[in-house]
Amino acid sequence: MASTSLEDSGSTQSQCLYDILPTPYGGRGAFARSAIPKGTHVLLCTAPYATVLFWKFRREVCAWCFAYSFESGKSKWSVKLALDSKGSGGIWFCSERCRDLCIHEYELAPGNGMDWWLEINAGFEKLVLQSGRISTQSTPPMDPSPAVLAYLEHAKPEDITQEFVDKAWALAEKVALAESNLPWKDALNELEIDSAKYVLDGLIRKSIEETNPMAPMLIRRDDGSSTHCLSGGQWRDYLDLQDNELPLVKSKPYMLASRIRIYRFLRHLSTSLFGSKKQGRSNNGFTASRSVGPIGENLRKSLSTPVATRALMARDYGNVFGIWDMTAEDEGSEMLGWAAYIHASYFNHHCTPNLKKIRDKRGIRFYTFRDVHPGEELCISYINFDSVEQRINQLENDWFFTCQCGQCEKDLSANRDKLRAENPEG
Ligand SMILES: C[S@@+](CC[C@H](N)C(=O)[O-])C[C@H]1O[C@@H](n2cnc3c(N)ncnc32)[C@H](O)[C@@H]1O
């Protein structure tokens, strides 16, 4: 395998080994420009656009390189970035180097330190702890929504249309506005807290871009090898990803109420941190910050309507990658969080894929593990291999699409031939 490291790999778009083109079965996919030998790195994403490490692992997983403490024989990491002057709350790292890289990245973004970032994280942690109860269940939601939104908790798949979903979000905007200065009362379950953190991370990145479009963290890109290397991408790249809101809500109607609760929570956080436009202080026990600066102002604007939050959540399901520990697969590895690697989200699924992925600290790289012909689609596998029926079921239930890959076509046709041979009459 032609090997490169995060620090030295990279190329410009023109050196890309594939094109994003429409597929015969709908949507877009990545197609090889010419023959690609086995072992070629075809994509390196050096950093996610947005990410979340699960709340329950926040002391065990390095917030910068995603290293898992148990792999190093430790129960938790000890290098901490305190979120306030009392030292309570924090963000944990495996080493001082990782902590310093994180500080450097966020300092570079606006050019005036990283207090704003610590303040936002402290506000999030405080509101999570203040909201008290965190359910260990990921579904269904624990507390009813405000009365006017309660009907969403009982929505059925047959109720779900685009109009139904749009109306619910319009109502959510009104509710969030009316309640934003009242104390937050609902409990979020673990999945909701983790989703809220993911959305917050994406909105922070969007706000950085709006404040400073030249922020190095958004355009970091090297030259020099045949690997196609991209950093996190930009907001418009994220919006180009496939929107999966309707299929998700049709399949799991309770997700609509859940996602609206996440928006209400973040809107509440925004008022806690920044106050509403008219007032400088909130009524939530927080003092609205005076030092959040332009990034805070852009974040406040992003949360003043559900549009950006909804767009982020509409594209997480079906596009993000799990962050797994690096334990050998046969020893059973653990999912530690998830991350959006925008440029990698164009790889479709194939039941006999030609690409493998490997996590590389905060990044992810993809390489061919067999020779690829010119024009062949570059695919990864979204699932573990099973019988064709199990694969189709898993993709329909968890990914909401019917697999159109050549392997399924071949296996289904072989099954039909077998049935015909066994029942020549029927
Ligand atoms: C991560 S996205 C891949 C890029 C996507 N095709 C696009 O145009 O943005 C995953 C989505 O692609 C489609 N997809 C991926 N693999 C597929 C396959 N084997 N058969 C049919 N659709 C597939 C499904 O709609 C799935 O939800």
Side-chain angles (χ1 to χ4, degrees), residues 16-32 42-45 48-51 160 162 165 198 202 228 230 232-252 255 259 311-324 335 337-359 363-366 368 370 372 375-413 415:
C16 186
L17 302 175
Y18 58 85
D19 292 305
I20 305 298
L21 299 170
T23 68
Y25 48 90
R28 303 148 297 177
F31 292 86
V42 295
L43 176 67
L44 166 62
C45 301
Y49 182 80
T51 189
I160 306 298
Q162 189 63 58
V165 177
Y198 169 82
H228 179 209
L230 291 169
Q234 295 185 308
W235 178 242
R236 61 162 193 272
D237 302 322
Y238 188 88
L239 291 184
D240 277 345
L241 295 179
Q242 184 169 297
D243 179 331
N244 294 317
E245 180 185 60
L246 198 58
L248 170 69
V249 174
K250 261 185 191 295
S251 161
K252 301 179 194 326
M255 288 300 276
R259 292 185 160 216
L312 272 157
M313 290 194 285
R315 289 159 183 81
D316 64 354
Y317 219 93
N319 283 305
V320 297
F321 290 80
I323 299 170
W324 296 86
M335 189 166 155
W338 73 78
Y341 295 103
I342 297 178
H343 304 283
S345 290
Y346 290 98
F347 294 136
N348 285 314
H349 164 86
H350 200 291
C351 292
T352 47
N354 47 21
L355 287 189
K356 271 216 180 221
K357 62 174 187 293
I358 181 159
R359 180 159 74 74
I364 193 167
R365 58 173 78 241
F366 295 81
T368 49
R370 62 173 169 75
V372 173
E376 190 180 335
E377 187 175 358
L378 293 168
C379 291
I380 53 175
S381 173
Y382 296 179
I383 55 169
N384 290 325
F385 302 145
D386 274 309
S387 72
V388 62
E389 291 81 8
Q390 285 170 318
R391 295 190 319 252
I392 287 176
N393 272 341
Q394 198 183 342
L395 289 167
E396 282 180 352
N397 292 337
D398 297 346
W399 289 82
F400 321 125
F401 69 85
T402 306
C403 187
Q404 308 283 333
C405 83
Q407 188 63 47
C408 284
E409 211 175 288
K410 219 158 97 188
D411 290 352
L412 288 172
S413 151
N415 282 359

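For clarity, every value in this text was computed on a predicted model and none was experimentally measured. Atoms within a ligand are numbered from 1 in the order they appear, just like the ligands themselves. Throughout, numbering of the chain's residues begins at 1 and tracks the sequence.
Residue contacts with ligand 1: Asn348 is placed with a nitrogen or oxygen under 3.5 Å of a nitrogen or oxygen of the ligand (distance criterion only). At under 3.5 Å, not a single nitrogen or oxygen of Tyr346, backbone or side chain, sits near a nitrogen or oxygen of ligand 1. Taking distance alone, with nitrogen or oxygen atoms compared against 3.5 Å, Gln404 approaches ligand 1 more closely than that limit. Checked against a 3.5 angstrom limit, the closest N/O atoms of Arg28 and ligand 1 fall inside it.
Of the protein's non-hydrogen atoms, Gln242 OE1, 3.4 Å is the one closest to atom 7 (C) of ligand 1. Of the protein's heavy atoms, Phe401 CD2, 3.4 Å lies nearest to atom 24 (C) of ligand 1. Nearest protein heavy-atom neighbour of atom 19 (N) of ligand 1: His349 O, 2.9 Å.
Ring-centre distance between Phe400 and Tyr317: below the 6.0 Å cut-off.
When all heavy atoms are compared, the tightest approach of Asn244 to Gly318 is ND2-CA, 3.7 Å.
With ligand atoms numbered from 1 in the order given, ligand 1 contributes 8 (O) to contacts under 4.0 Å with heavy atoms of Gly27. The Asn319 neighbourhood of ligand 1 comprises atoms 1 (C), 2 (S), with distances under 4.0 Å to a heavy atom of that residue. Ligand 1 places these atoms under 4.0 Å from at least one heavy atom of Gly318: 1 (C), 2 (S), 10 (C). The distance from ligand 1 to the heavy atoms of Cys403 drops below 4.0 Å at these ligand atoms: 19 (N), 20 (N).
Within the 4.0 Å heavy-atom shell around ligand 1 one does not find Thr23. Residue-ligand proximity: Tyr382 is placed with a non-hydrogen atom under 4.0 Å from ligand 1. Within the structure, ligand 1 lacks Leu241 among the residues with a heavy atom less than 4.0 angstrom away.
A salt bridge is absent between Arg28 and Asp240: the closest approach of a Lys/Arg side-chain nitrogen to an acidic carboxylate oxygen does not fall below 4.0 angstrom.
To the nearest 0.5 Å, atom CZ of residue Phe347 and atom OH of residue Tyr341 are 13.5 Å apart. The line from CD of Gln407 to SG of Cys379 is 12.0 Å long, rounded to the nearest 0.5 Å. Between the NZ atom of Lys356 and the OG atom of Ser381 there is a distance of 9.0 Å, given to the nearest 0.5 Å.
Among Cys379, Pro247, Gly26, Ser345, the residue whose heavy atom lies nearest to atom 2 (S) of ligand 1 is Ser345.
Screening Tyr25, Tyr382, Trp399 for a ring pair (Phe, Tyr, Trp, His ring centres under 6.0 Å) involving His349 leaves a single residue, Tyr382.
Of the possible donor and acceptor atoms, one in the side chain of Tyr238 sits under 3.5 Å from a partner among the backbone N and O of Leu312. Asn319 contributes a side-chain N or O that, together with a main-chain N or O of Gln242, makes up a donor-acceptor pair within less than 3.5 Å.
The closest side-chain donor-acceptor pair between Asn354 and Glu376 falls under 3.5 angstrom.
Contact annotation for Thr402 and ligand 1: only backbone heavy atoms (N, CA, C, O) come within less than 4.0 Å of the ligand. Looking at Phe400 against ligand 1, nothing comes within 4.0 Å, counting heavy atoms.
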